[in-house]
Q: 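There's a structure below that I have some questions on.
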Amino acid sequence: MKKIEAIIRPERLEQVKVALTDAGYSGLHVESVTGRGRQRGVIHSGRGGEHYTIDMLPKVKLVLVVKDDNLEAATNLIIETARTGNIGDGMLFVSAVEDAIRVRTGERGDSLL
Amino acid sequence: MKKIEAIIRPERLEQVKVALTDAGYSGLHVESVTGRGRQRGVIHSGRGGEHYTIDMLPKVKLVLVVKDDNLEAATNLIIETARTGNIGDGMLFVSAVEDAIRVRTGERGDSLL
Amino acid sequence: MKKIEAIIRPERLEQVKVALTDAGYSGLHVESVTGRGRQRGVIHSGRGGEHYTIDMLPKVKLVLVVKDDNLEAATNLIIETARTGNIGDGMLFVSAVEDAIRVRTGERGDSLL
Amino acid sequence: MDTGDTAWIMMSTALVLLMTPGLAFFYGGLVRGKNAAATIMQAFVMLGVAGVAWVLWGYSLAFGPDLGGFIGNLEWFGLRNVGMEPGPYSDTIPHLTFMAFQMMFAVITPALILGAFAERAKFSTYLVFTVVWMTVVYAPLAHWVWGGGWIGTELGALDFAGGTVVHINAGAAALAGAIFYGKRRGVARETVPHNVTMVVLGTALLWFGWFGFNAGSALAANGGAANAFVTTNTAAAMGALTWMALSWRYTGKASIVGTATGAVAGLVAITPAAGFVGEWPATDGYLNAFPALIIGAAAGLAGFYAVRLRHKYALDDTLDVVAVHGICGIVGAMLTGVFAVSTIAGVEGLIEGSFDLLWRQLFAVLASIAWALTLTSAILWVLNKKMGLRVDENAELAGLDRSEHEEPAYQFDEPGLGSYSGGVSTVVSGPAPEVGQAPSIHADDEGISS
Amino acid sequence: MDTGDTAWIMMSTALVLLMTPGLAFFYGGLVRGKNAAATIMQAFVMLGVAGVAWVLWGYSLAFGPDLGGFIGNLEWFGLRNVGMEPGPYSDTIPHLTFMAFQMMFAVITPALILGAFAERAKFSTYLVFTVVWMTVVYAPLAHWVWGGGWIGTELGALDFAGGTVVHINAGAAALAGAIFYGKRRGVARETVPHNVTMVVLGTALLWFGWFGFNAGSALAANGGAANAFVTTNTAAAMGALTWMALSWRYTGKASIVGTATGAVAGLVAITPAAGFVGEWPATDGYLNAFPALIIGAAAGLAGFYAVRLRHKYALDDTLDVVAVHGICGIVGAMLTGVFAVSTIAGVEGLIEGSFDLLWRQLFAVLASIAWALTLTSAILWVLNKKMGLRVDENAELAGLDRSEHEEPAYQFDEPGLGSYSGGVSTVVSGPAPEVGQAPSIHADDEGISS
Amino acid sequence: MDTGDTAWIMMSTALVLLMTPGLAFFYGGLVRGKNAAATIMQAFVMLGVAGVAWVLWGYSLAFGPDLGGFIGNLEWFGLRNVGMEPGPYSDTIPHLTFMAFQMMFAVITPALILGAFAERAKFSTYLVFTVVWMTVVYAPLAHWVWGGGWIGTELGALDFAGGTVVHINAGAAALAGAIFYGKRRGVARETVPHNVTMVVLGTALLWFGWFGFNAGSALAANGGAANAFVTTNTAAAMGALTWMALSWRYTGKASIVGTATGAVAGLVAITPAAGFVGEWPATDGYLNAFPALIIGAAAGLAGFYAVRLRHKYALDDTLDVVAVHGICGIVGAMLTGVFAVSTIAGVEGLIEGSFDLLWRQLFAVLASIAWALTLTSAILWVLNKKMGLRVDENAELAGLDRSEHEEPAYQFDEPGLGSYSGGVSTVVSGPAPEVGQAPSIHADDEGISS
Ligand SMILES: Nc1ncnc2c1ncn2[C@@H]1O[C@H](COP(=O)(O)OP(=O)(O)O)[C@@H](O)[C@H]1O
Ligand SMILES: Nc1ncnc2c1ncn2[C@@H]1O[C@H](COP(=O)(O)OP(=O)(O)O)[C@@H](O)[C@H]1O
Ligand SMILES: Nc1ncnc2c1ncn2[C@@H]1O[C@H](COP(=O)(O)OP(=O)(O)O)[C@@H](O)[C@H]1O
């Protein structure tokens with residue numbers, strides 16, 4: 001089992017979700033984060049006619065645990081749907097998950113995903 | 001060291017926290033997430049007399065890092081306390097943690113957990 | 001690649017961010033969490049002249065994915081900058097990351113970090 | 001008819017109207033976020049419920065031609081012959097204006113009670129309760145005190161703007177409410193207010209509107225109104241400072257919510273007294289500010305310790321209606337008997353040496369409590385049997401916003417993020433579920449029971 | 001001059017002023033969080049825009065000396081000779097007070113329209129639109145109805161406080177707006193209100209202010225004002241209950257936002273009727289409350305089903321201005337023809353047996369719709385060509401708060417946390433970008449296009 | 001006595017009362033979320049503090065029988081002989097009403113100052129400061145200008161509703177405050193407003209209340225009040241548009257907070273002038289709107305550039321009180337000398353060819369600044385020695401809501417989630433810590449110092 005953590009633009013979440021649903025990935029969860037990378041920040045205008053650069057930008061972290069076999073496909077799907085081609089599109093990290101358990105039933109393993 | 005990430009119902013968090021305390025797990029943290037799985041969504045009523053289904057549901061992600069030996073016990077405790085038997089009870093993921101460090105003292109390792 | 005998850009005081013985030021920038025770590029993201037550990041909680045005063053202890057404290061989870069070589073340096077930097085010496089300074093967890101991908105370009109691996 | 005008086009009472013009516021949303025925000029800020037919108041709704045909807053019931057039958061029962069000192073008859077049903085000319089209660093303002101002014105009192109009084117059973121009340125039962133309560137409990141008491149009934153005319157107790165009719169009445173009903181509804185689930189003693197800024201907003205609107213409540217009760221724009229205006233502000237200010245000082249004494253911190261609550265406590269206590277107290281001693285007008293200062297301070301003290309006492313006992317009067325409206329209302333009604341002066345009130349209070357008024361005040365207080373407590377208990381007992389007072393456990397844990405209205409108060413984030421949000425993916429507009437057979441708050445979930 | 005009348009109309013003017021922020025919060029609560037501040041701004045800024053334009057030319061065009069029944073001339077430009085003495089419209093209040101009272105109507109009417117194209121309007125074009133619209137559409141219609149023009153004097157249709165001038169006018173303009181602006185991107189049918197508590201706050205301020213709007217339109221503190229005050233409150237209460245009941249019927253839940261909307265619908269519908277209806281039947285004053293109750297209920301019904309109907313069609317009238325102001329305005333204007341009674345209105349409505357007024361009302365309604373729809377469409381067509389009505393897709397997805405104002409509504413958390421926050425690290429105060437060539441909302445980003 | 005005048009001034013008093021909560025929200029929205037409740041509290045508590053101090057000694061010092069043109073004596077202590085009959089300041093309203101109206105000015109003026117040292121002030125010291133300041137700085141200045149003292153009677157400078165007494169006074173005190181309190185920790189130049197919707201709410205309440213402030217200062221419901229009402233609205237509208245245009249010019253975006261601030265700037269500047277300007281030129285009443293339009297525009301310009309200037313220097317006047325109240329107050333006081341006309345003000349301004357008034361205005365401005373700056377500095381210097389003005393670093397970083405009041409403004413989420421929430425697990429109600437020895441905000445933590 002692999003965990004995909006994709007930090008993407010909030011505006012793209014809806015499309016990515018739909019794409020994942022269509023591809024059969026129903027389980028997922030998202031968190032609200034702020035991040036920085038290449039993108040320098042977001043501009044805020046003050047009442048004195050100034051610009052402030054806020055160095056942390058609002059992003060969404062989408063977390064998806066998949067079977068090892070689906071990793072490549074899910075990764076590509078997310079990347080392609082989330083991409084706009086501009087700085088700030090985000091990053092995706094992959095790590096290993098050892099077990100998954102359904103709280104309701106206590107079932108374990110790959111079959112839950 | 002193992003990391004347990006349990007995505008559970010917000011309404012059950014208090015009980016799970018108490019159960020963990022009683023069992024001696026004092027350290028933990030929680031995040032507010034929204035997720036979807038088997039549960040189809042939450043219903044919202046509009047002023048025009050319609051129902052909207054919001055496909056993402058509010059959940060809590062409880063994160064607990066435990067010694068390898070305690071994994072099974074902690075997992076079971078969380079599952080049992082968080083369970084209501086209805087769809088939407090959540091999922092629990094386990095992954096490996098390589099190190100833990102206390103910021104205040106710089107101490108490392110299993111003994112912190 | 002390693003993932004550092006540092007749960008620190010919200011008040012120290014700004015300094016840690018600046019220190020990381022100065023040391024050349026530009027990419028990172030943060031999440032708002034509440035946690036408990038050694039610290040017993042935060043006090044709330046009610047209108048009836050009572051104190052309530054809220055057992056969960058607001059913390060920031062700073063997430064930083066680094067090359068294996070930089071793990072030690074980044075960890076120390078965070079610990080030192082986030083430390084105040086009082087209970088409640090937080091914990092830092094390290095785990096393995098298998099891959100990193102830039103959404104915009106599809107590039108992979110260590111060189112992104 | 002006098003245009004100045006009419007202008008002032010129309011304006012006062014508008015001010016009192018604003019108190020109900022003020023109360024909605026005061027209460028709404030104090031509850032937990034998952035009940036914020038539902039609590040605000042419970043207060044706000046009274047503008048509709050009592051607004052309609054009052055013009056239909058409420059006004060006629062309370063102020064219509066007297067039946068044996070006990071209640072008005074239904075001659076004025078649907079505002080029959082309540083018109084643009086002055087009515088029996090004032091020569092200088094239109095009868096309709098007097099009716100509208102009184103309506104706003106009938107709107108806010110049932111809303112006050114909801115604080116006792118906030119965060120667990122079933123909305124449908126609540127609506128039935130308020131209609132019955134306004135008709136059966138409120139209208140007769142208003143008649144007794146102001147509509148030509150026995151308390152005002154025979155007993156001769158004083159109640160300038162609603163110490164008995166509004167606050168003691170609501171406070172006693174709240175006691176019955178807290179008992180009959182029972183405790184909230186999973187709440188140790190008190191919860192943390194979800195929005196302190198909203199509490200202050202509500203308090204500000206209440207304070208602002210209370211000038212209409214009290215100074216408007218003079219039914220004229222004259223010196224009496226001016227006096228009521230000043231005593232009102234002074235008691236509120238003193239109540240706020242007193243409560244703030246007490247919270248500071250006990251926790252080492254000045255409580256913001258406590259300061260706001262103290263202002264409300266002061267306003268409650270001055271309500272029955274506002275237009276009757278002022279000069280002290282009467283002979284040379286020395287220290288006109290003191291009666292109101294003392295009443296405000298007494299209200300702050302009484303309210304604060306009543307809240308502490310309530311914490312000691314098992315009573316889950318969620319928003320402390322008994323303490324703030326019941327106890328402070330009693331304090332105000334009794335101190336009216338102390339500080340009333342003949343030059344203003346036309347009757348001597350204790351400071352002019354007469355115990356007489358004090359006894360009459362006590363009697364009126366006890367009669368109001370007995371009346372409200374008994375009847376409210378009876379109503380709640382029946383409603384509990386027939387409809388159920390509370391939502392079920394799942395609904396209570398999920399919060400009333402979601403379970404009773406399917407409308408969370410806040411959705412700050414982008415769809416798919418944050419707490420109660422999510423992308424609107426499907427719009428299901430039919431088939432309509434039957435009324436009464438409400439759907440589960442989850443699309444495919446039988447509930448979230450433990 | 002009468003001090004009581006003057007006091008009441010000054011106060012009414014202040015009350016109507018407060019309705020524009022009220023509307024700002026009503027609308028602001030209904031939109032998504034990323035557009036909250038921008039939507040509030042669009043309403044709030046009308047206090048500035050129309051506040052200046054009205055004293056310069058608007059008042060003179062609408063109420064200045066008549067030119068052929070069609071428009072006022074510019075003799076009163078810049079308030080020339082509009083002074084402290086009574087003017088032609090009332091003997092008992094200063095001319096300036098009448099002017100100020102009317103100004104507040106000119107402030108809120110353009111603001112009403114923005115609900116139709118909320119969440120996508122370009123701010124600069126919006127400003128130009130409102131100035132042109134107030135001058136070209138609003139001022140003439142106000143003149144026709146109240147300023148000595150043909151609808152009021154020749155046709156003899158009734159409009160007490162703005163059924164045609166304000167609500168039908170704004171509703172028809174909103175229809176044009178929804179069509180010309182087109183649908184929001186990525187929104188299926190409706191979005192979830194981001195802050196229900198703010199919706200209720202806005203409704204409360206609207207209801208409070210509406211007493212000035214309607215009872216103030218009597219231009220005196222007399223029985224007529226008292227009657228308008230009571231009909232206003234009654235229709236609002238009944239509208240709220242009606243809409244609540246309907247939402248309950250269809251979803252099994254009492255909608256909070258629906259109850260608030262129902263109150264607004266009732267207020268809209270009673271506006272043209274407020275000072276003309278009341279007694280029913282006129283002879284013995286029986287059931288004075290009923291005309292307003294019926295108008296409120298009709299507004300709740302009409303508004304509710306109009307919203308449902310709108311959902312069926314592709315029209316993205318974001319905040320249902322057509323339904324709530326257009327349709328309910330028409331309902332009110334027509335029912336004025338039904339319930340007007342000669343003792344109050346000086347002319348017989350249908351309940352006194354005469355169809356005459358009803359036809360005149362219908363004609364006035366149709367004329368207002370035709371006028372507003374045609375001219376608003378023409379203005380929007382031109383503005384779309386010249387300036388563009390909408391923001392681009394990136395800006396719309398990011399939300400107007402960030403893209404049009406660079407000021408997110410909320411920043412609750414510590415810098416670096418939560419949604420739209422972050423540590424303020426660099427302050428760039430120059431070089432100033434050229435006006436019109438607005439910088440990207442991201443510091444080094446060409447936009448977020450898909 | 002006149003009922004219309006009395007109705008208007010009672011209503012005006014209520015309106016001015018509402019300005020203090022309005023200011024609380026204006027300021028509260030501008031600060032960071034961790035200081036929101038505390039900032040609101042600092043303004044709100046003035047209703048208690050000044051409300052009590054004023055009826056005890058404040059009114060007597062400011063308006064009581066004159067002592068050498070400098071201050072009133074204490075004959076009216078505790079409202080002794082301040083009663084329901086008209087007093088020396090007006091024949092048509094009760095003395096108590098005049099007293100109450102003036103009280104609301106004494107409530108809001110100290111609250112204005114807090115913006116200069118927001119986000120770092122120690123609450124206990126702040127309370128002491130406000131009581132002393134109201135007594136030592138405000139009361140004498142009010143006496144000089146309005147209470148029969150030397151500025152009003154001998155110098156003959158004009159101040160209709162508080163340009164010197166309220167705004168310049170508070171602005172100069174704010175300058176001393178920003179200097180003595182010093183800069184906030186870790187704040188580069190400015191922070192991001194945590195709630196723009198709250199800023200607009202505050203502005204709306206201020207604007208609404210300002211009609212009472214200015215038009216109420218006519219002390220009658222007459223043509224003069226009507227004129228003050230209109231000039232007030234016009235200057236506010238123009239101030240808002242001017243500031244909006246300037247922010248657009250510099251950032252390419254229309255600033256929402258800037259537009260709101262511009263409205264406040266316009267309201268500040270028109271305050272001394274409201275009832276004295278209008279006709280221009282006086283002879284044929286041409287262009288009555290223009291003086292107010294010019295004053296509003298001047299205020300927008302002056303305020304905007306004063307904010308920019310302040311950013312250039314090290315002064316941490318957190319919420320720009322010096323710019324918005326000090327500078328715009330000076331602009332208004334001076335332009336009163338320009339636009340006052342003899343038909344309204346009884347004295348000729350510059351536009352009628354006389355420089356005389358302008359010099360008197362300048363002298364009054366300079367005297368007010370010198371007075372307020374010197375005395376406020378002295379008070380702050382002493383308080384800093386004796387009590388300390390600021391909270392310590394840990395408290396400032398944690399935010400005043402938690403450190404000074406232990407009441408975070410917002411707790412939106414379920415217990416255990418989100419920012420400042422958590423399950424209430426233990427209720428510790430005793431033993432009470434000693435006053436002054438406040439507990440740490442963390443249950444077992446010695447603080448969060450770096
Ligand atoms: N090393 C890292 N560790 C943790 N998060 C990172 C790291 N690098 C980037 N991120 C996250 O990824 C987001 C996108 O990165 P960014 O460089 O802005 O986009 P792009 O890939 O288009 O240049 C950042 O906002 C941040 O949240
Ligand atoms: N593959 C997955 N990856 C990430 N999160 C998941 C995954 N599957 C489920 N979840 C999370 O677990 C939650 C519970 O799952 P759900 O299917 O609704 O409950 P149940 O197990 O009772 O059927 C979801 O809301 C989602 O947040
Ligand atoms: N075992 C754990 N699993 C997950 N989070 C933990 C664990 N232990 C501590 N934490 C997190 O670390 C934070 C700091 O720990 P705490 O014990 O309060 O500080 P200190 O290290 O100064 O004693 C806690 O608030 C909690 O969020």
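Throughout, a chain's letter reflects where its sequence line sits, starting with A, and its residues are numbered from 1.
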Q: Hey, could you give me the CZ/CG distance between C/R47 and D/L30, rounded to the nearest 0.5 Å?
A: 5.0 Å
Q: Nearest heavy-atom pair of D/P193 and C/H44: which atoms, and what distance?
A: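 Of all heavy-atom pairs spanning D/P193 and C/H44, the closest is CD-NE2, 3.9 Å.
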Q: Going by heavy atoms in the side chains, are D/K253 and C/I43 under 4.5 Å from each other?
A: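 No, side chains not in contact.
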Q: Tell me, do C/E50 and D/S255 make a side-chain contact under 4.5 Å, heavy atoms counted?
A: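 In short, these two side chains do not touch, never coming nearer than 4.5 Å.
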Q: Which donor-acceptor pairs under 3.5 Å do side chains of residues 20-29 of chain C form with protein atoms, sequence neighbours excluded?
A:
{"from": "C/T21", "atom 1": "OG1", "to": "A/R36", "atom 2": "NH1", "distance (Å)": "3.0"}
{"from": "C/T21", "atom 1": "OG1", "to": "A/R36", "atom 2": "NH2", "distance (Å)": "2.7"}
{"from": "C/T21", "atom 1": "OG1", "to": "C/K17", "atom 2": "O", "distance (Å)": "2.7"}
{"from": "C/H29", "atom 1": "NE2", "to": "A/K61", "atom 2": "NZ", "distance (Å)": "3.3"}

Q: List for me each residue that meets ring-ring contact (aromatic ring centres under 6.0 Å, His included) alongside D/F44, sequence neighbours excluded, and say none if there are none.
A: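 For D/F44 there are no ring-ring contact (aromatic ring centres under 6.0 Å, His included) partners, ignoring immediate neighbours.
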